[in-house]
Asker: 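Okay, here's the structure, questions in a sec.
Side chains included, hydrogens not; waters and symmetry mates left out as well; all remaining heavy atoms used.
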Amino acid sequence: MQAYLSGAPVKSGSMNEHAERVRQLLVARGVKDRSMKPELARVCDISYQSVQGWFDGSTKSITAKNLAKIAKHWNADLAWLTTGRGEMDAPSGVFEEGPTYRIRSGVQGVPVVGRAELGSEGFWNETEHPVGNGDGFIDWPTTDPNAYAVEANGDSMAPRIKHREFIIVEPNAEIMPGDEVLVKTREEPPRCMVKVFQYTRDGRHHLANINTEYEDFRLDEDKVAKMHFVAGIAKRKMHRHE
């Protein structure tokens with residue numbers, strides 16, 4: 001069986017099903033009807049009109065990242081919220097906060113260690129270089145001593161990641177549901193990708209595509225060479241060559 005699934009338009013998990021489960025969750029948490037949409041807008045950091053679209057059918061789907069924010073805020077099982085399977089409440093310890101990184105004043109030079117030659121469906125062939133081999137640095141606020149950057153070459157992940165922008169990665173940061181992650185597989189040749197981490201269950205990572213026209217993505221844990229936290233996307237002007 002292949003470790004990954006991709007390429008087909010999303011067909012399962014309609015907007016109405018997601019919105020109904022969100023409503024059930026908020027009722028169970030004691031949120032009044034009149035407060036639901038303002039609270040969802042606040043938690044997801046989106047407009048009230050966007051939330052309204054979830055419930056009136058004008059918006060096609062609730063994104064994986066917003067579902068993850070809702071699950072974390074109201075301590076729900078993301079798998080239940082996404083698919084309807086399992087229990088509403090999150091398993092114990094899922095959302096416990098791990099180590100955090102305090103951002104010091106100013107910025108640090110994060111080395112650019114390679115280039116992502118972007119292809120279809122958000123996958124790329126990674127070109128890695130030794131640090132200091134002319135790739136330069138990105139000025140970025142981080143305290144992870146092993147932070148690195150990868151230059152994006154292509155538009156397959158636009159508008160989230162545009163051509164010649166830089167993906168900033170913090171390999172020592174703990175990954176939580178809803179975080180964007182850089183994943184590299186063990187297959188030959190390896191595949192690299194940026195996805196939204198949903199959860200890990202029964203030895204498989206469940207990941208969502210940044211491009212929502214493709215299905216969610218499942219990858220066996222033993223097929224993963226690395227999965228690192230994506231701290232952000234840097235513009236070209238933050239790059240320096242020295």
Asker: Do the charged groups of R236 and E151 touch, with an N to O distance under 4.0 Å?
Answerer: yes

Asker: Counting heavy atoms not belonging to D45, are there more than 12 under 6.0 Å from its CG?
Answerer: no

Asker: Do T185 side-chain atoms and R191 backbone N/O form a donor-acceptor pair below 3.5 Å?
Answerer: yes

Asker: Is it the case that one hydrophobic cluster holds both Y48 and F55, taking links as side-chain heavy atoms less than 4.5 Å apart, direct or via other members?
Answerer: no

Asker: Donor-acceptor pair, distance only, cut-off 3.5 Å: does the side chain of R201 make one with the backbone of H206?
Answerer: no

Asker: Closest heavy-atom contact between A68 and P177?
Answerer: CB-C, 4.0 Å

Asker: State whether the side chain of N146 and the backbone N or O of P171 hold a donor-acceptor pair below 3.5 Å, judged by distance alone.
Answerer: no

Asker: Are any side-chain N or O atoms of K69 and backbone N or O atoms of C44, one a donor and one an acceptor, separated by less than 3.5 Å?
Answerer: yes

Asker: Check whether any side-chain N or O of R204 sits under 3.5 Å from a backbone N or O of D220 as a donor-acceptor pair, and report yes or no.
Answerer: no

Asker: Keeping the roles fixed (side chain from R240, backbone from D139), state whether a donor-acceptor pair exists under 3.5 Å.
Answerer: no

Asker: Could K195 and E180 be called an ion pair, given the rule that one side-chain N must be under 4.0 Å from one carboxylate O?
Answerer: no

Asker: Where is the tightest heavy-atom contact between W54 and A19, given as atom of each residue plus distance?
Answerer: O-CB, 3.5 Å

Asker: Of V169, I175, V181, which meets side-chain contact (heavy atoms from CB on, under 4.5 Å) against H228?
Answerer: V169

Asker: Of all the heavy-atom pairs spanning E174 and F229, show the shortest one and how long it is.
Answerer: O-CD1, 4.5 Å

Asker: Can a donor-acceptor pair be found between the side chains of E170 and T142 at a distance below 3.5 Å?
Answerer: yes

